[in-house]
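To start, the structure under review is shown below, and the notes come after it.
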Amino acid sequence: MHMPKIETNLIHQGEAFNETKAVVTPIYQTSTYFAGDDLDQYIIAATDTKHPGFYHRHGNPTNSQVAAVLAGLEKTEDALVFATGMAAISTAVLSVVQAGDHVITQHSLYSGAMLFFRNFLSQYGVTVTHVDQKDNAAFAAAIQQNTKLIYVETPSNPNLDITDLKYIGDLGKQHQIITMVDNTFASPVNQTPRDFGIDIIVHSATKYLGGHSDLTAGVICGSTSFIEKAWSRSLMLGGSLSPMDSWLLLRGLKTLTLRVNQINSNALRLAQYLEKHPAIRRVAYTGLKTHPQAQLVETQMRGGTGMLCIEVIGETSQQAHQHAQHVLSKLRFFANAASLGGVESLIVHPASMWGSHHNNEQKSTSGITSGMLRVSVGIEHIDDLIEDFEQALSEIATLH
Ligand SMILES: *Cc1c(COP(=O)(O)O)cnc(C)c1O
């Protein structure tokens, strides 16, 4: 049979879950469902994994449909959606580890995940080793007899460093350790970790998957058996995605390839422009040939993403900080706001946003500097975005 491509699946996958005649899947804004009088049927509904017609925490028809689309995107057997990315990540990790187990992860992680690995798991008897994601051998060297999970994020936040997915996938297989990747930054348009043997893929669907900065959501993609386990944990942990947000996510996903391809193209143009600008010391962008791991990027990514990390010049760390603040205040189309992956461009100052989470040593391993700005490029016209940076950087450039 002909296998439809991603653009087609984004529109049609999971359609069978829509049992109505409506072309657009309805919002099932209900917490509970009529069970009928047949108690045998009721038992099935109450115990079936992800039953879309029993009680909302168990499942919802739109949640089933959106999960089918996401599993298709990530090439896994199944998927489970959550109210936030962190609900998906914490539920996924707690579906793998228990007291006495060991986890290997990287230094550079999304802040919520970093706090979960650093501060939360230790309270429940799980030990964690953090390694440099660019150093394959460090992952292998960290393996212990009780290692159950290798958790990575690539490209990482905010430095856009790359983890070698094929190496991690192979390492996990060789040692029977489950491998998990946060694929939020890349999105499945630019990177599909299953291609490299990664077991479980998690996302903050709040970002590229939703794509319009109007919802929070998360997803776990994995084998049928793993999703069943995660589902049983989710009944206790309780992070199910609401009917309305599930519907918005399904709607947002329809344009995923259009949005991400435009964002890739805009971000590349902006990175090329900024790289040559005298007020910019450094541009980290996975679409540039000058990315320190450009060769690895080539083997595992199909596009550069919309995420750029730039460093504004400054003689001292204090001056770089002032310059960063100046740029933030001058930009017109890049709002200083947390989050990323939407149709609108956003920018943040990582040192201000995450500085408080780190002690001095953690600050240095995180690689965050005072002149650093993280940019999430949207789908505005690229000429306007470049012009905006031109005017925001002009005073800094003339100072030097
Ligand atoms: C935003 C984000 C998360 C957390 O997702 P929420 O939806 O905010 O809970 C996790 N990982 C990455 C890479 C993110 O950018």
Side-chain angles (χ1 to χ4, degrees), residues 63 66 70 74 79-94 105-121 130 133 151-163 165 180-191 193 198 200-221 230 234 237-242 244-246 248-249 252-253 260 263 267 284 286 301 305-309 337-342 344-350 353-354 357 366-368 373-378:
N63 291 26
V66 79
L70 292 164
E74 287 294 9
L80 188 62
V81 289
F82 291 84
T84 64
M86 279 313 301
I89 291 168
S90 54
T91 304
V93 173
L94 293 174
T105 188
Q106 54 195 55
H107 289 298
S108 184
L109 287 172
Y110 173 75
S111 61
M114 193 256 298
L115 295 173
F116 180 75
F117 283 112
R118 206 172 67 191
N119 302 348
F120 181 93
L121 284 182
H130 295 260
Q133 74 190 104
Y151 179 99
V152 300
E153 194 184 308
T154 182
S156 68
N157 181 35
N159 307 300
L160 305 167
D161 289 332
I162 304 297
T163 311
L165 289 176
M180 197 181 288
V181 173
D182 181 338
N183 202 30
T184 302
F185 265 41
S187 89
V189 177
N190 290 323
Q191 175 172 283
I198 300 296
I200 298 151
I201 297 99
V202 291
H203 278 275
S204 169
T206 310
K207 316 296 169 52
Y208 287 106
L209 300 177
H212 295 76
S213 306
D214 55 5
L215 62 89
T216 65
V219 65
I220 307 176
C221 302
S234 80
L237 296 170
S240 51
L241 180 61
S242 76
M244 181 71 193
D245 287 340
S246 176
L248 281 169
L249 178 56
L253 278 167
V260 172
I263 282 169
T286 49
M301 295 182 74
T305 85
M307 302 308 296
L308 263 73
C309 189
S339 200
L340 58 107
E344 62 284 294
S345 295
L346 298 177
I347 189 162
V348 292
H349 183 237
M353 195 155 143
W354 299 303
H357 295 316
S366 78
I368 295 174
L373 292 166
R374 187 195 75 183
V375 184
S376 171
V377 181

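First listed ligand is number 1; within each ligand, the first listed atom is number 1. Along the sequence shown, the residues carry numbers beginning at 1. These numbers come from the heavy atoms of this one structure, side chains and all, not from hydrogens, waters or symmetry mates.
For the ligand labelled ligand 1, residue D182 lies inside the 4.0 Å heavy-atom shell. A heavy-atom separation below 4.0 Å is found between I89 and ligand 1. Within the structure, the closest approach of L109 to ligand 1 does not fall below 4.0 Å when heavy atoms are considered.
Side-chain atoms of S156 and Q133 include a donor-acceptor pair closer than 3.5 Å. No side-chain donor-acceptor contact under 3.5 Å links E153 and S108.
Under the 3.5 Å distance criterion, the side-chain polar atoms of S246 are left unmatched by any main-chain donor or acceptor of S242. A distance-only check finds a donor-acceptor pair linking the side chain of T184 to the backbone of S204 [under 3.5 Å]. With hydrogens and angles ignored, the 3.5 Å screen pairs no side-chain donor or acceptor of S187 with any backbone N or O of Y208.
Residue, atom and distance of the protein heavy atom nearest to atom 7 (O) of ligand 1 are T206 OG1, 2.7 Å. Atom 5 (O) of ligand 1 has as its closest protein heavy atom S204 OG, 2.9 Å. Y110 OH, 3.9 Å is the protein heavy atom nearest to atom 8 (O) of ligand 1. Protein heavy atom at the shortest distance from atom 6 (P) of ligand 1 is G85 N, 3.3 Å. Of the protein's heavy atoms, K207 NZ, 3.0 Å lies nearest to atom 14 (C) of ligand 1.
Under the 4.5 Å side-chain criterion, counting only non-hydrogen atoms from C-beta, L249 is in contact with L215. Two residues are said to be in side-chain contact when any heavy atoms from C-beta on lie closer than 4.5 Å; V375 and M307 fail this criterion.
The ligand atoms of ligand 1 that sit less than 4.0 angstrom from a heavy atom of L340 are 15 (O).
Some N or O of M86 is nearer than 3.5 Å to an N or O of ligand 1, by distance alone.
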